[in-house]
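Numbering of ligands and ligand atoms starts at 1, following listing order.
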Amino acid sequence: MKVLEAIGLSKVYNPRHSWLGRSGREPGLTAIDGVSLSIAPGENAALIGESGSGKSTLARLLLGLEKPTFGRVRYRGIDYTDLRMKDMRGIRSKLQMVFQNSYAAFNPMFTVAQIIDEPLRNYDCDSVEMRTQRIREVLEQVGLAASTAHKYPHELSGGQLQRVGIGRALALRPELIVCDEPFSSLDVTIRKQMVTLLQELKDQLGLSYLFISHDLSLVQRFCDSVTVLQRGRIAERYSSVHLLKHSSHPYTRQLLAAVPIQHPAQRKTPLQVQSNHY
Ligand SMILES: Nc1ncnc2c1ncn2[C@@H]1O[C@H](COP(=O)(O)OP(=O)(O)OP(=O)(O)O)[C@@H](O)[C@H]1O
Ligand SMILES: [Mg+2]
């Protein structure tokens with residue numbers, strides 16, 4: 001059974017009542033337009049697309065952080081589209097997120113232990129001993145020393161902060177983690193270490209990922225399937241990410257052409273610079 005399924009999802013922002021229009025309603029902005037996709041257990045699904053194509057909006061709809069205007073979302077066959085936040089706590093604990101900028105996402109007054117403890121407290125894990133034990137386990141899983149628990153966000157490097165972000169996402173033992181541009185603020189070497197960490201966690205814990213990234217070289221290394229989003233719609237979907245490079249879709253070709261070349265020797269002429277996503 002699929003971990004996650006989206007069926008005909010649409011999100012229209014701000015369909016305002018018009019003062020002058022005869023129709024009485026302005027159309028609003030369609031950020032997501034009829035998107036259907038599914039993620040299998042253990043799948044590393046990639047979601048790519050230019051800036052503004054709707055990737056983060058789709059992620060929020062899938063996690064139930066926002067309600068779709070149309071369409072349904074299901075976790076292991078359970079439809080949670082219409083559930084209120086408090087009624088979908090069980091499902092939310094299984095679907096977690098790692099943010100692009102952990103520093104901004106964390107409370108600067110909290111220690112690492114408090115940051116990881118927050119979801120545990122919110123989800124009714126009452127025993128202090130069990131929570132302390134879980135924090136210790138999670139720090140070990142993400143490769144941080146136990147002493148990191150007492151540090152504050154400003155005392156950590158970018159890579160360590162993202163490890164805390166992943167640890168926090170792991171605390172409630174999720175099945176799927178959505179990573180929205182998780183490593184874009186990190187340098188290339190640290191990015192590679194983080195991808196290795198995500199892969200190890202997947203192998204240990206049987207996780208699935210939805211990996212949103214502009215870094216197509218990372219996507220091609222890390223992901224199984226790939227969905228290409230263009231102006232809120234699915235332009236293409238491949239069950240194997242390796243097929244992406246054979247795409248004849250002009251939009252996908254443009255995204256691929258924007259991948260930075262790691263070494264000048266790999267550069268083909270003419271040099272194609274299509275956009276500045278990086
Ligand atoms: N809360 C909102 N209210 C109104 N419009 C929104 C809202 N959130 C997103 N949008 C619009 O929806 C569209 C898709 O935005 P979204 O942030 O999902 O794109 P994205 O693919 O994640 O872009 P990026 O790669 O820059 O992060 C954009 O036009 C954006 O301005
Ligand atoms: Mg985004």
Side-chain angles (χ1 to χ4, degrees), residues 4 6 8-18 25-37 39 44-71 73 81 85 95-106 158 161-162 165-166 169 176-186 191 194-195 198 209-220 222-223 225-238 241 244 247 249-260 273-278:
L4 200 70
L9 277 191
S10 294
K11 180 72 183 177
V12 183
Y13 282 113
N14 204 15
R16 276 182 303 233
H17 288 281
S18 166
R25 238 170 137 76
E26 286 178 10
L29 186 142
T30 304
I32 293 294
D33 190 1
V35 167
S36 298
L37 59 82
I39 301 174
N44 286 354
L47 181 63
I48 63 169
E50 65 188 344
S51 186
S53 56
K55 305 179 297 295
S56 299
T57 305
L58 181 58
R60 291 195 297 275
L61 297 178
L62 295 175
L63 291 173
L65 300 172
E66 279 183 42
K67 295 293 178 198
T69 312
F70 304 107
V73 272
T81 321
M85 218 35 165
L95 311 174
Q96 292 289 314
M97 180 132 182
V98 175
F99 295 94
Q100 176 173 4
N101 183 349
S102 288
Y103 191 76
F106 298 156
L161 275 171
Q162 276 319 63
I166 296 168
L176 174 91
I177 300 185
V178 176
C179 304
D180 192 353
E181 299 282 358
F183 312 138
S184 56
S185 58
L186 305 175
R191 277 187 208 191
M194 301 307 265
V195 165
L198 289 185
Y209 294 109
L210 178 64
F211 193 76
I212 300 173
S213 182
H214 281 129
D215 187 339
L216 296 194
S217 53
L218 269 196
V219 163
Q220 283 170 317
F222 178 60
C223 295
S225 65
V226 60
T227 301
V228 185
L229 207 60
Q230 180 183 24
R231 277 186 253 123
R233 293 186 181 183
I234 294 182
E236 291 194 285
R237 181 173 161 85
Y238 292 104
V241 78
L244 189 68
S247 168
H249 196 294
Y251 175 73
T252 308
R253 299 257 26 115
Q254 209 174 340
L255 292 174
L256 288 169
V259 175
V273 181
Q274 305 269 350
S275 78
N276 57 351
H277 287 319
Y278 297 89

Can you tell me if K11 has a non-hydrogen atom under 4.0 Å from ligand 1?
no

Within a strict 4.5 Å, meaning less than it, do heavy atoms of the L95 and L62 side chains meet?
no

Does the protein put a heavy atom under 4.0 Å from atom 31 (O) of ligand 1?
no

Nearest 0.5 angstrom please: I166 CD1 to F183 CZ, how far?
4.5 Å

Any idea which protein heavy atom is nearest atom 25 (O) of ligand 1, and the distance to it?
K55 NZ, 2.7 Å

Please state whether H214 comes within less than 4.0 angstrom of ligand 1, counting heavy atoms only.
yes

Could a heavy atom of G52 be found less than 4.0 Å from some atom of ligand 1?
yes

Non-hydrogen protein atom less than 4.0 angstrom from atom 14 (C) of ligand 1:
yes

Output the list of atoms in ligand 1 that are nearer than 4.0 Å to some heavy atom of S51, sorted by atom number.
23 (O), 24 (P), 25 (O), 26 (O)

Numbered atoms of ligand 1 (with element) below 4.0 Å of T57, judged on heavy atoms
9 (C), 14 (C), 15 (O), 16 (P), 18 (O)

Which residue from L229, L29, I32, D180 reaches closest to atom 29 (O) of ligand 1 through any of its heavy atoms?
L29

The Mg ion (ligand 2) to nearest N/O/S of T57 below 2.8 Å
no

Report yes or no: does a heavy atom of N14 sit under 4.0 Å from some atom of ligand 1?
no

What is the closest protein heavy atom to atom 1 (N) of ligand 1, and at what distance does it sit?
Y13 CE2, 3.5 Å

Does the residue R60 have a heavy-atom contact with ligand 1, meaning some pair of atoms that are separated by less than 4.0 Å?
yes

Which residue and atom name correspond to the protein heavy atom nearest atom 17 (O) of ligand 1, and how close is it?
S56 CB, 4.0 Å

Distance from atom 12 (O) of ligand 1 to nearest protein heavy atom, with residue and atom:
A31 CB, 3.3 Å

How does E50 reach ligand 1, by side chain, by backbone, by both or by neither, if only non-hydrogen atoms under 4.0 Å count?
backbone

